[in-house]
Structure formats: C-alpha cells, structure tokens
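Please read the structure below before turning to the comments.
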Amino acid sequence: MHDQQEQNEQQQQSEQQEQHGRPQAPSGRQEQPDRQPLSDRQPLSDRQPPSDRPQQTQEPRRSVHGPLAGFTIGVTAARRADELGALLHRRGATVLHAPALRIVPLADDAELLAATKELIDHAPDVAVATTAIGFRGWVEAADGWGYGEELLACLRGVELLARGPKVKGAIRAAGLTEEWSPASESMAEVLDRLLAEGVSGRRIALQLHGEPLPGFVESLRVAGADVVLVPVYRWMPPEDLAPVDRLLDAVVARSLDAVTFTSAPAAASLLSRAETRGQLELLLHALEHDVLAACVGPVTALPLQARGIPTVQPERFRLGPLVQVLGAELPSRARTFPVAGRRLEIRGHAVLVDDELRPVPPAGMAMLRALSRRPGWVVSRADLLGTLPGAGRDEHAVETAMARLRTALGVPKLIQTVVKRGYRLALDPAADTKYGDV
C-alpha cells in the first residue's frame, strides 16, 4: 500500500513537472508567476515547442571499443614485446606479458670466435643469414675482436642467402648484398634451394638463430655439404620464471583468450616449462580447444603443430598482420545471443550488450558461460555454484554473484530468475539458437 502511494506521488510530481516545463520548486519557495495569464494559455496538447529550443533526438550509440576489447592475450616474446603489446592495447586488448626465454649474446664466446676465424681462413661457398639481430651481432663481435673487415671481405665473395627482409636490411647495412631471399621467409625454402643447386663438396656457413636447426643441418650434411655453424646467440630460459608460470596457469584456467608466439624457441620453451611443472597435458588441451595459439609465421608454429596444436598465422609474417589476424579471429569465436530484445556477445572478460562494452567480474563470467552453454534452459543454483571458484557449498554465493553480474550487464532482465529452480538467459523466442544447444 505504501509503495502504491509512493508511486502515485511520483507520478503526480512528474505530471506537474511536465506541465510547467521545469522541476517543481521545493516546498516553502515561491515560484515566479507566468507572464501569460492562465486563461490565455494554449492547451498542452496544442502547444508547439519554441523555435529556439532544439528537439532532443537520441542518436544511436556508437561503438568506441576496439576489436579486441574484452579479450586477454598472452605475449611470450622476449624482443619487441613492447611493440606487440602496444599494438594489442590500441585495439582494446588486455595483455599479459611473460617472456618465455631470453637472448644471451655470445660476443665473448670462444665457439663464435673459432667459427669466425675458420671462415676467414677458409672462406665458404655459401653463407646463410637467418636473423637480423644475429647477423648484426656477428659482425659487431668480429669487429670487437679486430676481425670485422676481414669477415666482411670474406662474405663479399660468397653466395649470401638471407632468410627474410629484416635480414636483408642487416646485410645491406653492413655494406653487403644478398644473392637471394625466400618469399616465404622459411628455412625450408632455403634448404630446398640449396639441395636443388647441389651442395656436395660445398662449404656452407650457417648463422644459427638460437637453436641448432638439426633437420636443416643434417639434410645438408647427408647431401655432402661441409656445414660450419655460427652460434651468435643462444635462447635461454628467463631468469625470472614467475611470469611464465602465471601465464601457464592463466592458459590452463582459460583466463586467456589467445597466446602469441613470435619465435619457435619461445613456443618450445613454453612447452618445456609446462612439462617441468606437470602441466603439459593441461596446456595442450587448453590450446587445442579453448585458447587460440597465434604465431607470426609457419616456422614459429612448428613446435606447436608437432604437438597437435592448431595455430593461426598472418599471410605476411609481421607483428601488425599478426594483430590483425587476432582482431578478426577472436571476435568471430565469441558467442552471440538475442536476449530480452538485446544483442549479447560474450567475450573473454567482458560482454557486449548492443555493442556497449560491459566488463564482468570473473565469477559473473563463469556463471554467464554456464548459462550460455544451454541458452534458454534453466541452470540450477547448485550447478552455477560449481562454476564459482572457491564458493564452497553455500548457494547464497550464487545469489551474490548473480546480483553483481546483473549490475555489470546493466540490463537485469537479460537473466531471468526461475523460482525454486535457478536462472536462465532470457533468450528471445524467435532466436535462431535452439534451446538446449551446447
């Protein structure tokens, strides 16, 4: 009764405000009389808005979020991680950075010095440069030892192959010219060219890029080549393993939507660390089914594909195209439902309600995913309780998390309460999604 009286009072006050065109003055305060006598006023229904008062029109809400808003992406790169992270941030992503390895230069390494001297004394027929940072490091190290000019003179007289455009830039910056570079930037194409030319009896210098490339080297040696390895730097596990462990935990828990890889050693290092922690099978299952593995190119993807992990790659093996692939792939994987007259798109840690980004806490996202697995069907409180981390047995935790979820969504009617049964998504009756689809 009291509620009805309060509603009547609010309605009466609203009608008074609408008639006078301004809020009602507080009690005890005199209102200024209207200039026009009351008897001369037009009826409210016949009035036209003043010509100098613009009509209030509601423009459609514009999307201000990036294509990756609501998604969390792991970055395993050791080099250029800031650049990749910035590209992802600009498109709205949340980034978790955990370098899976570190680069250890070998400027003082006796093995590199010995290989350099050997090549200067006995020049190769072919030299293969695999990475820009490696080739620059080799020339700088030789220069530091006093062999810089001799090394460059040696390389000017050989068939110099560059794995990709960045390596070509490093070669030309040193005053040299490459003979050839594969369009695919793949060492497999380099190997095919060398074997097609014939390598029997030829001396080939191979600048390594942090790992020994056993298949490449063995193929050349079996074909009769004399291969001289030039180890300019090595990949090593990171000194601080805590970020990598956090990333692994996030992948296994499906807290990440994608993980990016920019080198094969980084992918191999992450798999190795997971095996050390006893998480390899969990990691493989997550990457195979739920978390997207995005690689900068086919060479980078090899350690993952060898484990049966599907990957996505850009056509151009660069960071920008890699981010573009993520910007197209992740939204396409998000589930979308017509709910209570709204368009609901469920992303990693947020929801789009009619294209408006609504961040949702982890407990709310867990329940929303449970509801979306069977859209329109009732999910019991007990089942929802099982999705909440550390909720115990108290079903009151479901009610608390549900209240927070509805507040986060901004439209409480998207989720209906079914008395004594549980909750359900208020799926539109005409929706294409069939009830019970999982």
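Because the structure is predicted, anything quoted here is derived from the model rather than measured.
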Legend entry - For Arg358, salt bridge (charged side-chain N to carboxylate O under 4.0 Å, His left out) partners two or more places apart: Glu356
Legend entry - Within residues 166-177 or reaching into it, pairs that qualify as side chain to side chain donor-acceptor pair (under 3.5 Å) - sequence neighbours excluded: Arg172-Glu178
Legend entry - Qualifying residues under salt bridge (charged side-chain N to carboxylate O under 4.0 Å, His left out), relative to Glu83, sequence neighbours excluded: Arg80
Show me the donor-acceptor pairs, under 3.5 Å and distance only, between side chains in residues 400-409 and residues at least two apart or in other chains.
residue	atom	partner	partner atom	Å
Thr400	OG1	His396	O	3.2
Arg406	NE	Ile415	O	3.4
Arg406	NH1	Thr417	OG1	3.4
Arg406	NH2	Ile415	O	2.7
Arg406	NH2	Thr417	OG1	2.8
Thr407	OG1	Ala403	O	3.0

Inset, instruction - Scan for salt bridge (charged side-chain N to carboxylate O under 4.0 Å, His left out) pairs involving residues 297-321, sequence neighbours excluded, and state none if there are none. - result: Glu185-Arg318
Give the table of side-chain donor-acceptor pairs shorter than 3.5 Å for residues 256-264, with sequence neighbours excluded, one pair per line with atom names and distance.
residue	atom	partner	partner atom	Å
Asp257	OD2	Thr72	N	2.7
Thr260	OG1	Gly74	O	3.0
Ser263	OG	Ala266	N	3.2

Legend entry - All side-chain hydrogen bond (donor to acceptor under 3.5 Å, both in side chains) counterparts of Arg421, not counting sequence neighbours: none
Inset, instruction - Measure the shortest side-chain to side-chain distance between Arg202 and Glu159 over non-hydrogen atoms and say whether it is less than 4.5 angstrom. - result: yes
Legend entry - Pairwise salt bridge (charged side-chain N to carboxylate O under 4.0 Å, His left out) hits with a residue in residues 337-351, at least two apart: Arg342-Asp354, Arg343-Glu345, Glu345-Arg347
Side-chain donor-acceptor distances from residues 240-249 under 3.5 Å, at least two apart:
residue	atom	partner	partner atom	Å
Asp240	OD1	Ala242	N	3.1
Asp245	OD1	Arg273	NE	2.8
Asp245	OD1	Arg273	NH2	3.3
Asp245	OD2	Arg273	NH2	2.9
Asp249	OD1	Arg277	NH1	3.1
Asp249	OD1	Gln279	NE2	2.9

Legend entry - For Asp226, salt bridge (charged side-chain N to carboxylate O under 4.0 Å, His left out) partners two or more places apart: Arg203
Legend entry - Test item: Val232 and Leu208 side chains (from C-beta on) under 4.5 Å apart, heavy atoms: no
Inset, instruction - Check the angle between the aromatic planes of His285 and His289 and answer parallel, tilted or perpendicular using the 30° and 60° thresholds. - result: tilted
Inset, instruction - For Arg156, check salt bridge (charged side-chain N to carboxylate O under 4.0 Å, His left out) against everything at least two apart and list the hits. - result: none
Inset, instruction - Check side-chain contact (heavy atoms from CB on, under 4.5 Å) between Val339 and all other residues, then give those that pass, not counting sequence neighbours. - result: Phe337, Leu344, Leu414, Ala426, Leu427
